[in-house]
Amino acid sequence: MFHRVATRVSAVTGGEQTPWIASSLAKNASLSEPVSRGASAALISVTSVDPIVVLHSRGILPKDSSEQYEITFWNSIKDSNYPSDYEAYLKAYPNGRFATLAHARIDRLRAAASASAPSASPSVAPPVAPSPQVARPTPPASAAPQDHPHAAAPTPTPTPTTTTAPPAAPAAPAVAQKATAHPPGAGENRDCATCPIMIALPAGVFSMGSSTDDPSEKPVHHVAIGAPFAIGKYAVTVEQWNACVAANACQKLTPESNTNKAAPARDLSWDDAQQYVKWLSKTTGKPYRLPTEAEWEYADRGGTTTAYWWGDQMRKGNANCKDCGDPWHKEGPETAGSFAPNPVGLYDMNGSVWEWVADCWHNSYQGAPADGHAWDSPGCDMRVIRGGSWREGGGYMLSATRFKYSASVRQSQDGFRVVKDIK
């Protein structure tokens, strides 16, 4: 019955609505056959512990479910007005359940862009429809990480629709001066005028992961960061990325999603990030790289042990996310540094853009390195992203939040920050 209803709904709506079903039943059920009280109780008992349905998890399906990732990915982009978001979905899921709809959206958006091109002003951005975000605890996953990526909606989405440029853009010049004109403070350094400002962190020990219902964040384990390192004060910005482009070492950014040069560069793959750190290392003669997942969480927590670096409860004004307080705009992340820094002076570790780290994705921390090194493996394609983005809700701003993404796929919520080894 459910299958027939789902098929009919999809057909009647022309693919605009695609019902999906999650079930913990081990076999087909028949309404015509009586079920004994004992059998019914047994079924309830099995269902209550079945990992497919976890009432307080961030998604209906387990995080190692490829179906969940695809649904989360789609939910995060389904209301986007950028063809590149749908192209990213098709690259990740060329034969996915939403492939036909994605092709149709691309054709429609390009046709609309062509029709309006003659009268469009260079300063006018395409209208962006509201993109519903599902809070982490809500059933249908919606973001890069399940309510997220990964792409989830791979959602793993993020005030009324407007045809003017994002409201954040006017403030960019002022904050750009804050981020680029001010000299680095105590404990900070920069290796070139267009290089990221780096903050040095000491070696240390911390507890990584969480005891929530998310299996990918378990088990909580102690990690010893054996050597000091420096990490970007901000995620790599559009302006900093463009310096690499100017040197013909990096590819150009997607224009429509990178208009504010003081905002984090996004729509970048893990492979793109590797190009940048390779160029930065060659340019400066210093050992730059992506942070390991352990280094990223160590830096994000900044010595704290609470769910968020600011405490155990969500508080507005600490992260650039959908329900984290102003400034917030659905079109894209705010200028880097628009929100409060964490205890060690790092900005936008939570929200803004998902940040690539060096590690391969593993479904849990079982067997994870305890020394802070990257957990890698030959031929690894799925890489870890951390921190959530402006499109997700507060449930993704936790210090332990993690998700996965294909290393070669660009998605408009993904960016990165860099790390430098200190000898």
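Distance check, rounded to the nearest 0.5 Å: CE of Met382 to SG of Cys360 gives 10.5 Å. In this structure, CG in Asp300 is found 9.0 Å from CH2 in Trp309, a value given to the nearest 0.5 Å.
Evaluation of the side-chain hydrogen bond (donor to acceptor under 3.5 Å, both in side chains) rule for Asn318 yields no partner, not counting sequence neighbours.
Results of the ring-ring contact (aromatic ring centres under 6.0 Å, His included) test with Tyr276 over Trp356, Trp241, Tyr288, Trp270 single out Trp241 as the only residue that passes. Each of Arg410, Arg391, Arg266 was evaluated against Asp85; a single residue qualifies, Arg391, per the salt bridge (Lys or Arg N to Asp or Glu O under 4.0 Å) test.
A cation-pi geometry, defined here as NZ or CZ lying under 6.0 Å from the six-membered ring centre and within 45° of its normal, holds between Arg402 and Trp361.
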Checklist entry - Checking side-chain hydrogen bond (donor to acceptor under 3.5 Å, both in side chains) for the pair Lys420/Asn189: CA distance, chi angles, key distance, verdict? => result CA-CA 11 Å; Lys420 180 176 67 172; Asn189 68 84; 3.0 Å; yes
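Between Glu297 and Arg301, at least one side-chain N (NZ, or NE/NH1/NH2) sits under 4.0 Å from a carboxylate O, which counts as a salt bridge. Salt bridge status for Arg386 with Glu355: absent, with no side-chain N to carboxylate O gap under 4.0 Å. Arg289 has a carboxylate O that lies under 4.0 Å from a charged side-chain N of Glu295, or vice versa, which qualifies the two as a salt bridge.
With a 6.0 Å radius and a threshold of 12 heavy atoms from other residues, nucleotides or ligands, Lys218 has its NZ atom above the threshold.
Counting only residues at least two apart or in different chains, ring-ring contact (aromatic ring centres under 6.0 Å, His included) contacts with residues 207-233 comprise His221-Tyr365.
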